[in-house]
Visitor: 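Dropping a structure here in structure tokens format, bear with me for questions.
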Amino acid sequence: MKISKILAFQVDLPLKEGRYSWSNGNFIDVFDSTVVAIETDAGITGYGEICPLGPSYLPAYAAGVRAGLAQIGPHLLGQDPTCLGQLNRHMDSVLRGHPYVKSPIDMACWDILGKSAGMPLQVLLGGGAQEDVALYRAISQQSPTDMAEKVKTYRSEGYTKFQLKVGGDDADEDIARIRSCAAELIAGDILVADANTGWTMHEAARVVIGVADIDVYIEQPCASYEECLSIRRRTPLPFVLDEVIDGIPMLLRGLNDHAMDIINLKISKVGGLTKARQIRDLCVTQGIAMTIEDSWGGDIVTSAIAHLAQSTPKEFLFSATDFNSYVTTDIATGSPRRIDGKMKASDRPGLGIEPIMEALGDPVLVIG
Ligand code: MG
């Protein structure tokens with residue numbers, strides 16, 4: 001099988017809540033997502049999606065996706081989309097770095113592999129280890145009382161895991177945010193305080209001392225790995241690394257230093273499902289649980305997350321994300337829909353989705 005044509009579509013995904021705010025004053029009102037369609041000489045088309053969390057979260061941005069696709073696309077024509085290891089090596093040889101550009105291509109090629117094998121991706125990624133996957137809800141950074149109110153609202157929708165966006169410019173207010181939300185929890189709920197690199201070390205040190213009596217996970221307190229490791233060594237609270245774990249070398253370093261209990265594995269941060277699966281399997285072998293998700297996305301990203309998460313052993317899947325429930329626009333049918341705080345991957349071949357072409361509009365890029 002050979003890749004014969006690559007198309008890219010730009011789609012706006014407005015947020016149901018109107019705005020999503022996280023550390024250091026960052027916010028997004030409308031996400032800029034890119035959907036990739038890969039056509040083959042066998043008549044099978046695969047779909048992938050990449051949606052950066054704006055330009056200031058990870059080293060990725062929406063216009064960079066399209067520029068990168070224009071750069072790498074011509075090198076992929078004639079390649080076999082079902083030979084995913086070889087395809088990834090080829091992508092890395094013709095474009096160094098830029099994992100977020102390669103992610104939707106890799107995702108679309110997995111979709112092709114699944115369709116050609118007649119099997120859902122969850123089977124090809126390791127097998128249905130779970131019936132469904134438990135989701136967390138991100139609580140956008142607001143006042144402590146507003147965030148506690150959101151926890152209450154989203155629990156009524158079935159969520160039991162809540163990730164607070166902290167990392168504000170006032171450590172005392174972040175302590176208040178964690179305390180007010182913790183007061184809303186019931187037995188069995190999970191609370192994560194995700195600073196998204198927003199604290200300096202002294203602020204992070206104050207927060208972990210200030211919430212030491214609370215059952216809360218601390219996620220990515222500071223910008224660098226070394227700063228996070230320093231905080232990790234000062235707190236007994238369970239610890240999550242996210243932004244700094246961008247591939248196998250950083251994972252190995254973290255394992256060696258006992259730098260975390262959990263990692264946040266984002267598909268596009270590491271370059272696609274092929275590399276995410278490799279990291280997932282290494283984490284399972286080494287006893288590290290994971291939140292499996294992406295930077296953001298719509299129905300196609302949510303489907304990919306569901307397949308990777310559902311093929312992960314339950315005790316290693318800390319949580320996952322149903323991004324399609326945060327945005328107002330549907331871009332595909334067949335994507336998982338949350339029920340009682342959980343989602344279920346499709347059992348149809350590949351990703352199990354059909355894009356809604358009217359929602360995608362005309363392609364912004366056609367290669368081949
Ligand atoms: Mg995070």
Side-chain angles (χ1 to χ4, degrees), residues 15 20-28 31 50-60 99-100 103 133-142 147 150-151 154 159 161-168 174 177-178 181 190-200 203-204 207-208 211 216-225 227-229 231-232 235 237-247 250-251 254 259-270 276 279-280 283 288-297 301-302 305 308-309 312 316-323 325-326:
L15 274 154
Y20 179 74
S21 305
W22 70 102
S23 67
N24 293 325
N26 286 294
F27 65 86
I28 297 272
F31 283 96
I50 161 71
C51 183
L53 180 49
S56 57
Y57 172 63
L58 288 171
Y100 63 106
S103 185
V133 295
L135 301 160
Y136 81 80
R137 188 74 193 190
I139 306 295
S140 179
Q141 190 175 112
Q142 289 178 292
M147 290 175 79
K150 286 276 161 60
V151 167
Y154 285 116
Y159 289 102
K161 300 167 189 262
F162 306 95
Q163 190 202 68
L164 312 179
K165 291 295 156 188
V166 287
D174 279 334
R177 287 181 172 113
I178 295 166
C181 291
I190 294 281
L191 188 65
V192 179
D194 186 358
N196 287 114
T197 76
W199 292 324
T200 55
E203 289 171 323
V207 175
V208 295
V211 301
V216 61
Y217 292 69
I218 301 296
E219 179 164 338
Q220 189 74 38
C222 304
S224 73
Y225 173 79
E227 291 165 295
C228 289
L229 183 59
I231 300 303
R232 157 74 163 175
T235 176
L237 293 172
F239 208 81
V240 187
L241 285 180
D242 181 350
E243 283 89 332
V244 295
I245 303 295
D246 57 2
M250 281 307 300
L251 175 62
M260 68 283 172
D261 304 294
I262 294 173
I263 67 158
N264 187 314
L265 176 56
K266 292 183 162 73
I267 296 169
S268 65
K269 180 176 64 176
V270 301
I279 290 169
R280 187 272 312 267
C283 282
I288 299 290
M290 289 155 278
T291 286
I292 293 182
E293 58 167 359
D294 210 328
S295 46
W296 209 274
V301 158
T302 302
I305 292 168
L308 185 62
T312 301
F316 291 104
L317 186 73
F318 181 62
S319 62
T321 314
D322 57 330
F323 283 117
S325 79
Y326 290 69

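Order of appearance sets the numbers: ligands from 1, and atoms from 1 within every ligand.
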Visitor: Using a distance-only test with no angle check, is there a side-chain donor-acceptor pair under 3.5 angstrom linking Gln220 and Asn196?
Guide: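 Absent: no donor and acceptor within the cut-off.
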Visitor: Report the name of the N/O/S atom of Glu219 located nearest to the Mg ion (ligand 1).
Guide: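 Among the N, O or S atoms of Glu219, the one closest to the Mg ion (ligand 1) is OE2.
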Visitor: Taking the inter-plane angle between the rings of Trp296 and Phe31 on a 0 to 90° scale, is it parallel (under 30°), tilted (30 to 60°) or perpendicular (over 60°)?
Guide: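 Rings of Trp296 and Phe31: parallel, as their planes differ by under 30°.
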Visitor: When you measure from the Mg ion (ligand 1) to each N, O or S atom of Asp242, which atom gives the shortest distance?
Guide: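 The Mg ion (ligand 1) is closest to the Asp242 atom OD2, counting only N, O or S.
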Visitor: Taking the ring centre of each residue, are Phe318 and Tyr136 less than 6.0 Å apart?
Guide: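 That pair fails the under 6.0 Å test.
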Visitor: Report yes or no: is the cationic atom of Arg137 (NZ for Lys, CZ for Arg) closer than 6.0 Å to the six-membered ring centre of Tyr326, at no more than 45° off its axis?
Guide: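 Yes, Arg137 and Tyr326 form such a contact.
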Visitor: Tell me which N, O or S atom of Asp194 sits nearest to the Mg ion (ligand 1).
Guide: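 Looking at Asp194, the N, O or S atom with the least distance to the Mg ion (ligand 1) is OD2.
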